[in-house]
Amino acid sequence: MIITLPDGSEREFPAGLTGLEIASSIGKKLAQDALAIVVDGDLRDLDTAIVSNASVSIVTFDSAEGKNIFWHSSSHLMAQAIEELWPGTKFGAGPAIEQGFYYDISSTERFGEEELRQIEAKMVEISGRNSTVRREQMPREQAIEFFRNIRKDPYKVEILEETLKDVKTVSVYHQDGFADLCSGPHLPATGKIKAVQLSNVSSSYWRGDSSRETMQRIYGISFPSEKLLREHTARMEEARKRDHRKIGAELSLFMLTPEVGSGLPIWLPKGAIVRNELETFLKEEQRKRGYLPVYTPHIGNIELYKRSGHYPYYSDSQFPPLTYKDETGREEQYLLKPMNCPHHHLIYSSALRSYRDLPIRLTEFGTVYRHEQSGELNGLVRARGFTQDDSHIYCRPDQLVDEICSAIDLTRFVFRTLGFDDVETRLSMHDPANQSKYGGTSEVWEQAEKDVKEAADRMGISYFIGIGEASFYGPKIDFIVRDAIGRKWQLGTVQVDYVMPERFDLAYIGSDGQKHRPVVIHRAPFGSMERFIGVLIEHTAGNFPLWLAPVQVVVLPIAEDVHDYARSIHTKLHEAGIRAEIDLRSEKIGKKIRESEISKIPCMLVIGRNEQEKGEVSLRRHRKGDEGCYGVSDIIALLRKEIDQRS
RNA sequence: GCUGAUGUAGCUCAGUCGGUAGAGCACUUCCUUGGUAAGGAAGAGGUCAUCGGUUCAAAUCCGAUCAUCAGCUCCA
C-alpha cells in the first residue's frame with residue numbers, strides 16, 4: 001500500500017502496518033513522541049493497522065489534537081489512580097479541556113490537597129508500570145451489561161442508555177483493571193505521561209443539571225516531560241504576577257470594598273487618569289467619525305425596559321427595582337439602568353428623522369448596573385457597576401453594511417493603538433434549535449446574519465462562527481484579544497439589531513415620503529471601561545505606555561544642592577502638560593530609582609551637579625535603563641511627541 | 001446562586017497543645033547629601049472580617065453572616 005505523508009511524500013509499506021510502525025520508519029524520535037495518528041483526516045489510535053492506501057500524519061504533543069488526546073488519557077489515568085486508592089468511586093465525565101483535564105467523580109471521600117498529592121503519586125506509579133491502553137469495540141447492549149454488572153458505574157450506564165441511545169457499537173478503553181467508556185483515541189500506554197499536577201477540586205452537577213446530584217470535579221494538567229510541566233508552572237506564576245487585582249492595588253489604580261458593595265469598583269486618582277485618557281482617546285476618534293455625544297440618567301422607569309424586552313430576558317440579573325409611591329398612592333418602579341440602548345432609542349425618536357439625516361450615531365460612556373452572580377465577580381473584569389463605551393448607530397438598510405464596516409474599523413484601530421495585535425473575531429449567530437431565546441422573526445435574523453457576514457468579508461477579517469452566541473435581539477461580531485501571555489479575552493463588540501426598531505417603533509421618512517424602519521447597530525470597542533482596563537493591566541503587566549501612565553515622569557534629584565534646579569524642571573514638565581512628580585526625600589539615588597521602577601513610572605529624570613551645570617537632565621527609562629543626557633527643552637519636546645502620538 | 005478554600009498591621013505573611021500579638025516592607029522623626037534597583041537609628045501602627053456559642057481562658061474550637069479566591073452555572 002502507498003502511504004502519503006504530510007509533506008506530500010509517498011512511501012510503500014506492506015498492508016496491515018500500524019501507525020507506530022510507520023512512525024518508527026520515519027524516525028526514532030518521532031516514534032517516541034507519537035501519540036496517535038490521523039488517517040485520511042480521522043484521528044486514530046497509534047496501534048491501528050492500516051490496510052490500504054491512505055494519507056497519514058503522526059500526532060504528537062506539539063499539536064492541539066495531541067494535547068487533547070494526551071490530557072484525555074491523563075484523565076483516565078487519574079480515574080484509574082483514584083479507583084486504586086478508593087475502590088468503589090463512581091465516575092461521571094472526564095474530558096480534556098483547554099489547559100489540562102478534569103474528571104467528575106462521586107465518592108463519599110472528601111478530596112482536598114492531601115488526597116490530590118496522593119493521587120498524583122499514584123498516577124506517577126501507574127505511569128511507571130507503562131500499562132498498555134487497549135481499545136475494545138462492543139455492541140452498546142454489551143457495554144451496558146459491562147458497566148452495570150462488572151464496573152458497577154451507574155453514570156456510564158446512563159450515558160449509554162440516554163446520550164448514546166442511537167449508537168450501535170461503542171468503544172471501551174482498558175488499562176490494567178480499569179476501563180472507561182470512551183470514543184478515543186488514546187495514548188498507546190500510560191508511560192507517556194511523565195509529569196502530572198492536580199490543581200484543584202471544585203464541584204459540578206452531573207450532566208450540568210442543577211437538579212441532579214453534585215459531583216467532585218478534580219482538575220489537573222499533565223505533560224510528556226518534567227521540563228514542560230516546569231514551564232507551565234512558570235507561565236501560571238507569570239499570570240499571577242500580572243493579575244490586575246494585585247497590580248491595581250500595588251499601583252493604587254482602583255479599589256473594591258464591601259463598604260460600598262461587592263462588584264462596585266472605585267477608581268482611585270491614578271486609575272482615573274488611565275480611564276480618562278482612554279475615554280479622551282475614543283471621544284476624539286469618534287468625533288472624527290461623526291458620532292454625537294449624549295448623556296442619559298442612571299435610573300429609568302421599569303416600563304422602558306419591559307418595552308425593550310430586556311426586563312423579561314434578564315430580570316434575574318438586575319438589581320431589584322426601586323419602588324416609589326406619590327401622595328395619591330400611585331406606584332412607579334425604577335430600575336438601575338442595566339443598559340443604555342432604550343434611552344438612545346428615545347433620543348432618536350424625539351424628532352422626526354429624514355432619510356437624509358441618517359446615519360445618526362449617538363454615543364455615551366454610559367454607566368450600567370447588573371446584579372451579576374456573586375461567584376462571577378472578578379475585580380474589574382467582572383463587576384456589577386461598569387461603564388460601557390456605548391454607541392447606537394441608526395441607519396437605513398442600504399447603509400447598514402457600510403456602517404458595520406466602519407464600526408469594525410474603529411474597533412480594530414482601538415485595539416491596534418493599545419497594543420492588542422492578536423485578535424480573533426467571532427460571528428455570533430443565533431441557534432435555530434433554540435428560537436425561544438431570541439426576539440424577532442426568522443426572516444429578520446436571516447437578513448441580519450447575512451449583513452454581518454458580508455461586512456466581515458468586506459473588511460477582510462478572518463473569523464469563526466459561534467452558534468448560539470448571539471444576543472436576544474441580533475447577531476454580533478465579537479472581538480477576542482489574546483494578551484501578552486496568551487490568554488483570551490472578549491472585549492469589543494458590534495451588534496446588528498432589527499428587533500429594537502420594531503419595539504420602539506423607530507422610523508424615518510424616506511425619499512418616497514413614507515415611513516420606514518431604520519436598523520440599529522450597537523457597538524462598543526472597549527466593551528466596558530472596567531473590563532478593558534483590567535485586561536489592559538494584565539496585558540501590559542501595569543507597564544502602561546507613556547500616554548496612559550498615571551505618572552509619566554519622575555524627577556529625581558541626587559542631593560539637596562540641586563533641589564531648586566530639579567523643581568524648575570518639574571515645573572516646566574507640568575507646564576507642558578506632562579504628568580510629573582518630584583522625589584525630594586533625603587534618600588540615595590539608588591533607592592529613588594528602585595522605587596520609581598517598582599511604581600512602573602516610564603521616565604525618570606536623574607539630576608545631579610553635572611546636569612545642573614550644563615542645564616541638562618539625564619533620562620532613565622523604566623525597564624530599559626540610562627539613555628543619556630538631554631537639554632531641558634529637547635526632553636520636553638521628545639516626551640510631548642511620544643505622548644501625542646500615543647506610541 | 002452552587003461546591004470548596006481563605007480572612008491576623010497599609011502590603012506580604014508567621015503565630016505550636018486554647019493561656020491575652022510577631023517579622024519584613026511601607027509610614028513618621030532624627031542622622032546621613034549620595035551618580036542609575038534597598039544608607040543608618042528610633043518610633044508609631046491590631047476589637048486577629050463581623051456576630052453569637054463552648055471554656056476559668058478563644059486569633060486558635062463550634063455555628064451563622066459578610067467578603068475574597070478557585071471552579072461550576074450565567075452573561076443585554
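We name chains A, B, ... by the order of the sequence lines, and we start the count at 1 in each one. Heavy-atom basis, side chains included; hydrogens, waters and symmetry copies ignored.
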_By the 4.0 Å heavy-atom rule, please label Q318(A) as base, sugar-phosphate, or nothing._
base
*Is R370(A) side chain donor-acceptor paired with the C75(B) base, going by distance under 3.5 Å alone?*
no
*Taking any strand in view, what nucleotide pairs with A70(B) in a Watson-Crick or G-U wobble way, both distances under 3.5 Å?*
U3(B)
*Looking only at N and O atoms, is any donor in the side chain of S317(A) or the base of A76(B) less than 3.5 Å from an acceptor on the other one?*
yes
*Looking only at side-chain atoms of E611(A), point me to the closest of G35(B), A76(B), C74(B).*
G35(B)
_Watson-Crick/G-U partner (both atom distances under 3.5 Å) of A64(B)_ = U50(B)
_Whole-Å gap separating C1' (C30(B)) and CD (E587(A))_ = 13 Å
*asked:* Between U3(B) and A14(B), how many Å separate the two C1' atoms, rounded to a whole number?
replied: 30 Å
*Ring centre gap for H392(A) and Y348(A) strictly below 6.0 Å*: no
*Under 4.0 Å: is that the gap between some side-chain N or O of K591(A) and OP1 or OP2 of A26(B)?*
yes
*Expressed as a whole number of Å, how far does the C1' atom of C66(B) sit from that of G52(B)?*
14 Å
*Identity of whatever pairs with A57(B) - Watson-Crick or G-U, under 3.5 angstrom*: none
*When the C1' atoms of G15(B) and U20(B) are considered, how many whole Å apart are they?*
14 Å
_Closest approach to the side chain of P258(A), judged atom by atom: which nucleotide of A67(B), G35(B), A76(B) is it?_
A67(B)
_If you define the side chain from C-beta out and look only at heavy atoms, does anything of M123(A) sit under 4.5 Å from L198(A)?_
yes
*Ion pair check, R240(A) and E237(A), cut-off under 4.0 Å*: yes
_Whole-Å distance separating the CD atom of E616(A) from the P atom of G35(B)_ = 19 Å
*Rounded distance (Å) that lies between atom C1' of A76(B) and atom CZ of R531(A)*: 14 Å
*Identify the nucleotide, in any strand shown, that forms a Watson-Crick or G-U wobble pair with C17(B), with both distances under 3.5 Å; if there is none, say none.*
none
*asked:* Heavy atoms only, 4.0 Å cut-off, all strands: where does Y473(A) land among base, sugar-phosphate and nothing?
replied: sugar-phosphate
*In whole angstrom, give me the gap between the C1' atoms of A41(B) and U8(B).*
28 Å
*Proximal nucleotide (of A76(B), C27(B), C75(B)) relative to the R585(A) side chain*: C27(B)
*Using the P atom as the reference point in each nucleotide, state the distance between U28(B) and G10(B) in Å, no decimals.*
15 Å
_Mate of G35(B) where both pairing distances stay under 3.5 Å, Watson-Crick or G-U_ = none
_Plane angle bin for H522(A) and Y473(A) - parallel if under 30°, tilted between 30 and 60°, otherwise perpendicular_ = parallel
*Indicate, with a heavy-atom threshold strictly under 4.0 Å, whether S618(A) touches base, sugar-phosphate, or nothing.*
base
*Whole-Å gap separating C1' (A70(B)) and CZ (R240(A))*: 12 Å
*What integer distance in Å separates E595(A):CD from A38(B):P?*
11 Å
_Would S391(A) and R523(A) count as a side-chain hydrogen bond (donor to acceptor under 3.5 Å, both in side chains) here? Give the steps._
CA-CA 6 Å; S391(A) 298; R523(A) 44 100 288 175; 2.9 Å; yes
*Hey, is R567(A) close enough to D564(A) for a salt bridge, meaning N to O under 4.0 Å?*
yes
_If you only use heavy atoms from C-beta on, which nucleotide in A70(B), G35(B), A37(B) is closest to the side chain of N610(A)?_
G35(B)
*Would you call R482(A)-E424(A) a salt bridge at under 4.0 Å N-O?*
yes
_N or O in side chain of N378(A) less than 4.0 angstrom from A70(B) OP1/OP2_ = yes
*Between R594(A) and C25(B), does any side-chain N or O lie under 4.0 Å from OP1 or OP2?*
no
*Is there a donor on the side chain of S586(A) or the base of U32(B) sitting less than 3.5 Å from an acceptor on the other?*
yes
*asked:* Strictly distance-based, threshold 3.5 Å: is any side-chain N or O of R517(A) a donor or acceptor partner for the main-chain N or O of L506(A)?
replied: yes
*With nearest nucleotides of RNA chain B determined for G375(A) and F472(A) from heavy-atom distances, which residue corresponds to the more 5′ nucleotide?*
G375(A)
_What is the distance, to the nearest angstrom, from the CG atom on L253(A) to the C1' atom on G10(B)?_
16 Å
_Can you see if the side chain of S262(A) gets near the phosphate of U68(B) - specifically, an N or O under 4.0 Å from OP1 or OP2?_
yes
_Could you tell me how far G19(B) sits from U60(B) if I compare only their P atoms? Round to whole Å._
11 Å
*Between L256(A) and G608(A), who's closer to the 5' end of RNA chain B by nearest nucleotide?*
G608(A)
*Say you pick atom P in U33(B) and the same atom in A70(B); how far apart are they, in whole Å?*
49 Å
_Please classify the nucleic acid contact of R620(A) as base, sugar-phosphate, or nothing, using heavy-atom distances under 4.0 Å._
base
_Please name the nucleotide paired to C30(B) by Watson-Crick or G-U wobble geometry with both distances under 3.5 Å, or report none._
G40(B)
*asked:* If we ignore hydrogens and angles and just use 3.5 Å, is the side chain of K67(A) paired with the main-chain N or O of A96(A) as donor and acceptor?
replied: no
*Answer yes or no: does a side-chain N or O of Y219(A) lie under 4.0 Å from OP1 or OP2 of C72(B)?*
yes
_With a 4.0 Å cutoff (strictly under), does any side-chain N or O of R609(A) reach OP1 or OP2 of G34(B)?_
yes
*asked:* Under 3.5 Å, is there any donor-acceptor pair linking the side chain of E250(A) to the base of G10(B)?
replied: no
*Write down the distance separating the C1' atoms in G63(B) and A58(B), rounded off to the nearest Å.*
15 Å
*Choosing from U36(B), G34(B), A76(B), which nucleotide comes nearest the side chain of I558(A)?*
G34(B)
*Let me know the distance between NZ of K246(A) and P of C13(B), rounded to the nearest Å.*
8 Å
*Who does C25(B) pair with, Watson-Crick or G-U, both distances under 3.5 Å?*
G10(B)
*In whole angstrom, give the distance that lies between atom OH of Y369(A) and atom C1' of A76(B).*
17 Å
*Looking at G39(B), A76(B), U36(B), which one has an atom nearest to any side-chain atom of K588(A)?*
G39(B)
